[in-house]
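Model, not experiment: these values are computed from the prediction.
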Amino acid sequence: MIERFTSMDSDPVTVARRLLGQRLVRVHNGKRLAGTIVEVEAYLGAQDRAAHTYAGHRSPRNESMYLSGGHAYVYFTYGAHFCLNVVCGSEHDGVAVLIRALEPTQGIEQMFRNRPGAKRLKDLCSGPGKLTQALAIDRSLDGVNLRNSRALFIEQLRHRAMSRSLIAQSKRIGLNPDETWPGDWAQRPLRFFVEGNPHVSH
DNA sequence: CCCGTGATTTAT
DNA sequence: TAAATCACGGGG
């Protein structure tokens with residue numbers, strides 16, 4: 001019996017590390033689409049220049065990032081892409097983990113149909129916008145509870161976090177260069193990925 | 001390297 | 001009201 005991953009109450013760095021190696025599952029039109037999480041980023045809330053909740057900012061877009069740990073925060077960006085975050089901590093914290101890449105494990109044929117143009121398995125889920133397209137994740141899933149939703153959830157494949165030697169760290173992707181950012185927020189090693197896994201984003 | 005895309009945020 | 005920004009992806 002496979003259990004759900006439910007330990008999202010911790011800080012986003014802890015949750016980020018624990019999410020690596022677990023399985024994201026989407027059930028859409030009666031089909032199961034799933035993949036192993038291989039790359040994530042932590043966003044630390046009011047103090048974090050790169051977080052949507054920086055300085056306590058609130059808007060219709062980011063409202064669900066203030067829900068309690070275990071909810072989904074899905075937003076639309078660059079006129080084309082959806083990104084999926086796992087909200088962490090307690091209600092009002094505004095902290096989350098961005099899911100950046102998956103290794104596809106189930107429903108792969110449907111994922112290719114969802115992403116016309118993708119040729120190789122590696123093209124399917126190797127980026128935050130790619131994986132939401134492959135798994136048919138959009139704003140209709142914003143705010144769902146990943147602990148009890150039947151449409152979107154996370155299965156716990158391993159009880160302990162992945163071994164430290166398999167987890168690599170780096171600065172987060174796609175942020176403004178440091179000179180425009182007071183402090184070192186753009187440089188902090190808040191991206192975590194499975195060392196050597198070919199499905200990590202490029 | 002460049003550029004489309006459009007919601008959101010920030011400047012005027 | 002207008003302009004800039006953006007946790008991106010795809011194509012050279």
_Given A:I154, which partner from the list A:V86, A:I99, A:V25, A:T6 fulfils the side-chain contact (heavy atoms from CB on, under 4.5 Å) test?_
A:V86
*asked:* Within the 4.0 Å heavy-atom criterion, would you say A:R115 contacts the bases, only the backbone, or no part of the nucleic acid?
replied: sugar-phosphate
Would you mind reading off the distance between [X] atom [atom1] and [N] atom [atom2], rounded to a whole angstrom?
{"X": "A:L98", "N": "C:dA7", "atom1": "CG", "atom2": "P", "value": "10 Å"}
{"X": "A:E39", "N": "C:dC8", "atom1": "CD", "atom2": "C1'", "value": "13 Å"}
{"X": "A:R61", "N": "B:dA7", "atom1": "CZ", "atom2": "P", "value": "12 Å"}

_Counting only side-chain nitrogens and oxygens, does A:R100 get under 4.0 Å of the OP1 or OP2 atom of C:dC8?_
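Result: yes.
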*Please check the phosphate of B:dT9 (OP1 and OP2 only) for any side-chain N or O of A:H57 closer than 4.0 Å.*
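False: A:H57 side-chain N/O out of range (4.0 Å or more) of B:dT9 OP1/OP2.
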*Looking at side-chain heavy atoms only, is the closest gap between A:R18 and A:F5 below 4.5 Å?*
yes
_Heavy-atom check, side chain of A:D11 versus side chain of A:V95, under 4.5 Å_ = no
*Is A:Y75 side chain donor-acceptor paired with the C:dA7 base, going by distance under 3.5 Å alone?*
yes
*Mapping A:G79 and A:N62 to their closest nucleotides on DNA chain B, which lands nearer the 5' end?*
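Per heavy-atom nearest nucleotide, the more 5' residue is A:G79.
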*Is the closest basic N to carboxylate O distance between A:K130 and A:E39 below 4.0 Å?*
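Salt bridge flag = no for A:E39 with A:K130.
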*asked:* Does the structure show a Watson-Crick or G-U wobble partner for B:dT5, both distances under 3.5 Å? Name it, or say none.
replied: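 Looking at the geometry, B:dT5 pairs with no nucleotide.
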*How do A:L84 and A:A118 order along DNA chain C: which one's closest nucleotide is nearer the 5' end?*
A:L84
